[in-house]
Amino acid sequence: AQAAGREGVLCLGVQAAFIESQRRTRHSGASILFAQRSRRPATLTWMVVDVQILPGEPCIPSKAGSEKPSCSMQELGEPLGWYDAATYARLRRSAFEVASDRPTNLARVFDSLIKALAMGMRRSRKGDRDERDPQAECITLAGTDWETRAHLKAHCQEMLRRYPENARLDDNDLALMRAVLTLHPRGQEKLQDCVGMTVGVHPEYNNRCFVLVYGSGRTEDFSYVRCIDNAPTAEELAQRQICDTLCGLLRLHPASSEHVAQMIEERFPSYRGKEGAVVERHRSWTKSVLQIVSQTPAVSEFLLRVLVRRMIEMDAAIQKMEGELEQEGDEMAAEEAEKTQKQSQLTIMAHILDATMTVAFEYLQRSLDCNAADAENRLVFSLMGIFESTVMLTHRSRCVQFLWFYLASLRPPWTETLLSLLLRTAFAPTASIHKRLISLAYLASFVARAKFLTINFTLRTVQYIATLAREQMQAAETRILAGELSHPQSLLFLYAVQAMCYVLCFNMDEFAKPLDPAVPARNALHVLLNEGAPEVGAEAFGPVLESCANPIARINRQVAEQFCHCLRPHLPQVSAMLQQRITSFSMDQSPSHFCTGDAAGLDLFFPFDPYRLRHSSVFVLSIYRDWTDDDESTADPAEEADGFVKAKINAPHRNSQSEAESASDASDMDFVDTHTGQNERGFTPLVGPSPAFRPRGSTDMADIMSPLCMPMGVPVDEDDGFLLPSASVPMDAASGSPLLSSFMNSGAYREGGTNSSGGTAPTAMQ
């Protein structure tokens with residue numbers, strides 16, 4: 001480019017030079033263009049340097065007649081070599097050499113890397129007799145090697161028992177616990193101004209824990225369990241390097257992304273059998289997949305979808321096995337040895353799912369619990385698509401969907417996106433009845449259980465559900481009175497009524513508070529039930545409860561009776577009327593007339609019933625609303641129905657790999673890090689959905705995403721020193737440019753530059 005300031009010519013010059021450099025080299029995308037501008041403003045010097053790797057990789061220039069790679073393909077294909085610190089650097093360099101000089105072997109290089117990731121650290125090289133290396137689970141911390149994660153937890157637990165309450169740790173133990181704390185997501189922040197550490201009792205969970213002491217006198221507790229769960233094992237450290245090599249090669253050869261993603265899908269470890277029972281192997285594999293997702297956007301959505309699908313399969317298998325064990329226990333027909341084996345397999349699978357969920361939660365927190373950026377919104381966009389296509393349609397899942405429960409809690413726009421997706425699916429006439437019923441179940445369970453949800457979000461959502469019930473009421477009454485309870489219109493109407501009653505059971509006291517302090521007698525319950533209103537609005541739920549189809553008596557019996565019980569203190573007459581309808585109906589009808597959804601192929605379930613996995617529950621406890629009830633409920637206290645199960649996170653699936661781990665977890669509760677509250681995440685009391693929050697519209701994710709997710713332009717401060725660029729072409733150069741002269745002398749330019757007051761044409765700067 002000869003003339004400084006001609007940006008268009010400059011861009012064309014850059015593109016032309018880059019295209020020429022690719023044409024002159026054998027490997028597309030392997031050339032890097034360097035520009036060096038001399039001191040003379042009107043000249044620009046370009047250099048094209050042919051290299052075979054990106055910045056940060058070992059520099060391997062392409063030469064004619066280059067030497068053979070330092071490792072053979074047989075050595076590259078040996079998985080054990082990638083875990084050997086003495087040979088890894090040589091293998092890595094050879095992988096880049098082979099990928100650059102012999103692209104035909106690129107697929108074999110990728111296959112060897114993925115095979116090494118899938119197999120993990122091995123002790124033998126003899127094929128079928130390969131055994132897992134005991135050093136794979138070794139953790140090095142504060143200069144000490146620990147055989148397994150469980151041994152390190154047991155040592156920390158022994159420290160908690162050894163010290164009396166409020167006693168300070170000695171220097172050796174303090175050094176270890178400071179090293180443990182560095183593994184916490186906020187470890188460096190917590191260590192600032194820390195002058196010591198004591199043993200105390202957590203004020204909320206009543207468990208012994210480590211307490212940080214600061215120079216200001218302030219104290220703060222932390223969970224050592226969560227820290228140790230983040231400690232990298234020897235296998236994980238080696239797999240991080242393997243993933244770095246794999247991602248580096250993918251950046252050089254992006255056309256191989258699809259092939260690599262398919263190979264990773266085929267290599268997912270099994271969660272059944274002896275080999276699949278290694279929890280650390282699944283933990284390391286999940287971390288490796290998420291590392292590739294973070295570094296390689298081309299395969300991120302595909303791999304996330306595969307990972308979620310495998311977690312869903314494991315989750316559904318656990319629920320199925322639990323049901324089989326309960327049935328065998330009732331029938332007392334199974335052999336004791338067979339039942340013991342199934343129970344053992346069940347606990348191992350639950351432990352694997354717990355570890356995988358913990359890694360997934362950590363990934364979401366690390367990737368999203370920061371500043372809202374375009375990359376974060378792309379990740380949320382992908383995750384919402386995965387939820388719609390995979391998670392929603394698997395109603396036997398009990399745990400995996402809590403990833404989206406946690407995701408929605410991070411920011412109000414993401415809450416709105418999830419609610420919009422569910423509402424639009426429920427209202428979509430083209431969606432299958434199965435999917436519409438599922439969306440209503442998710443809506444009811446999410447709105448009822450989300451502690452972070454504000455009254456504005458909750459009220460607007462239930463108003464839309466009431467609107468759906470009102471729209472379906474007339475057609476449903478005809479079907480129900482004709483005995484067609486399994487008709488889609490009947491099911492959709494009854495499920496909408498059930499969703500409304502279920503949400504109100506959890507939010508009755510909140511809805512009973514005045515909407516306007518100036519009118520204390522007017523609250524959300526009056527708005528929803530149309531009590532005292534001269535006109536019936538489209539969102540009123542009262543007419544639905546008074547329908548001739550008697551929907552309150554046809555929904556789930558437990559939900560109906562809990563609704564009447566919760567409504568009694570606020571609207572006793574309405575509660576008594578509804579209770580009478582339930583009682584009179586149940587005397588004439590069998591329990592099969594209550595809505596179960598069996599005809600639609602859908603069992604009654606509430607997706608966000610209490611989370612049951614022990615360690616990963618740390619991400620759910622502070623944002624989850626538990627069911628509370630008094631002793632005056634008319635429901636059978638001996639029967640704990642779905643939807644009203646109280647949280648018992650520590651009890652189920654207390655699965656452990658060893659006695660050491662069991663002992664370490666015996667009295668420790670991996671409590672929640674409550675540093676970031678609802679207000680810090682944006683859930684202030686007055687926050688609510690945006691004007692774009694509507695139940696009807698396109699179900700395409702690009703339209704469902706809340707507009708608040710889109711980054712807004714940053715206003716320019718007048719005092720920030722920002723200056724507009726000068727004119728690209730000086731005015732005195734017009735005479736030397738025929739094209740510019742013709743533009744400036746054209747009639748359109750002269751007419752457009754003359755204002756109404758007879759002014760002249762503006763200058764170039766104007």
Side-chain angles (χ1 to χ4, degrees), residues 422-423 426 437 439-450 453 458-473 476-477 480 485 490-512 523-531 539-547 549-583 585-586 591 593-597 604-609 625 627-629 633-636 641-645:
L422 296 172
L423 280 170
L437 297 183
S439 63
L440 283 171
Y442 267 98
L443 270 172
S445 191
F446 177 79
V447 176
R449 295 290 191 172
L453 212 58
T458 304
L459 180 59
R460 200 75 192 107
T461 303
V462 297
Q463 285 177 328
Y464 285 141
I465 298 176
T467 300
L468 177 62
R470 288 285 302 277
E471 292 176 356
Q472 300 293 325
M473 184 172 64
E477 286 176 342
I480 292 174
L485 294 177
S490 303
L491 287 174
L492 187 62
F493 171 69
L494 292 176
Y495 262 74
V497 175
Q498 180 171 282
M500 277 290 301
C501 294
Y502 183 74
V503 172
L504 288 175
C505 287
F506 282 81
N507 294 275
M508 196 73 72
D509 293 338
E510 188 69 21
F511 279 10
N523 55 42
L525 280 180
H526 293 97
V527 174
L528 289 173
L529 300 180
N530 196 46
E531 287 296 310
E539 302 160 344
F541 190 55
V544 175
L545 296 175
E546 299 171 359
S547 168
N550 199 9
I552 191 65
R554 298 182 186 275
I555 63 175
N556 177 264
R557 178 70 174 267
Q558 190 80 1
V559 174
E561 292 189 346
Q562 289 287 359
F563 173 70
C564 294
H565 170 68
C566 296
L567 185 63
R568 187 181 305 126
H570 310 288
L571 297 173
Q573 294 180 348
V574 177
S575 175
M577 180 268 293
L578 295 176
Q579 188 64 54
Q580 179 62 31
R581 284 186 170 224
I582 295 173
T583 304
F585 183 83
S586 60
H593 284 74
F594 288 92
C595 176
T596 61
L604 176 67
F605 87 111
F606 296 91
F608 296 113
D609 267 357
R625 176 186 292 146
W627 168 250
T628 57
D629 192 16
S633 174
T634 58
D636 184 4
D642 287 346
F644 299 98
V645 180

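Position 1 is the first residue of the sequence, and the numbers go up from there. The figures here come from the full heavy-atom set of this structure, side chains too, leaving out hydrogens, waters and symmetry mates. Computed from a predicted structure; not experimentally measured.
- Proximity of a side-chain donor or acceptor of Arg470 to a complementary backbone N or O of Val544 within less than 3.5 Å is not detected.
- At least one side-chain heavy atom of Leu440 sits under 4.5 Å from a side-chain heavy atom of Leu492.
- For the atom pair SG (Cys564) and CD (Gln579), the distance works out to 5.0 Å, reported to the nearest 0.5 Å.
- Considering CG of Leu525 and CE of Met508, their distance stands at 6.0 Å, rounded to 0.5 Å.
- A distance-only check finds a donor-acceptor pair linking the side chain of Arg625 to the backbone of Ala448 [under 3.5 Å].
- Considering every non-hydrogen atom in both Val447 and Thr458, the closest pair reads CG1-CG2, 3.5 Å.
- Here CG of Asn556 is found 5.0 Å from CD of Gln498. Values are rounded to the nearest 0.5 Å.
- Here the side chains of Phe606 and Val559 are in contact, with some heavy-atom distance below 4.5 Å.
- Scanning all heavy atoms of the two residues, the minimum distance from Pro543 to Met473 falls at O-SD, 3.8 Å.
- Between Arg581 and Ala553, the shortest heavy-atom contact is O-CB, 4.0 Å.
- From Ile465, atom CD1 reaches atom CG of Leu443 across 5.0 Å, with rounding to the nearest 0.5 Å.
- Atom-to-atom distance recorded for Arg557:CZ and Glu561:CD is 4.5 Å, nearest 0.5 angstrom.
- Cation-pi geometry between Arg460 and Tyr464 is met: the NZ or CZ atom falls under 6.0 Å from the ring centre, inside 45° of the normal.
- Between Met577 and Gln580 there is no side-chain heavy-atom pair separated by less than 4.5 Å.
- The backbone N or O of Gln463 sits less than 3.5 Å from a side-chain atom of Thr467, completing a donor-acceptor pair.
- Contact of the Leu453 side chain with the Phe446 side chain is registered, since non-hydrogen atoms from C-beta on lie closer than 4.5 Å.
- Taking the six-membered ring for Trp, Tyr502 and Phe563 have ring centres at least 6.0 Å apart.
- Taking 4.5 Å as the limit, some side-chain heavy atom of Leu494 sits within range of a side-chain heavy atom of Ile480.
- Counting only heavy atoms from C-beta outward, the side chains of Trp627 and Cys505 approach each other to under 4.5 Å.
- By the 4.5 Å heavy-atom criterion applied to side chains, Ser490 and Tyr495 are not counted as neighbours.
- Counting only distance, with no hydrogens or angles, the side chain of Arg449 and the backbone of Asp609 share no donor-acceptor pair below 3.5 Å.
- When side chains are defined from C-beta on, Leu468 does not count as touching Phe493, because their heavy atoms never get closer than 4.5 Å.
- The CD atom of Glu510 lies 11.0 Å from the CG atom of Asn523; values are rounded to the nearest 0.5 Å.
- For the pair Ala441 and Pro607, the tightest heavy-atom approach, listed with the atom from each and the gap, is O-CD, 3.5 Å.
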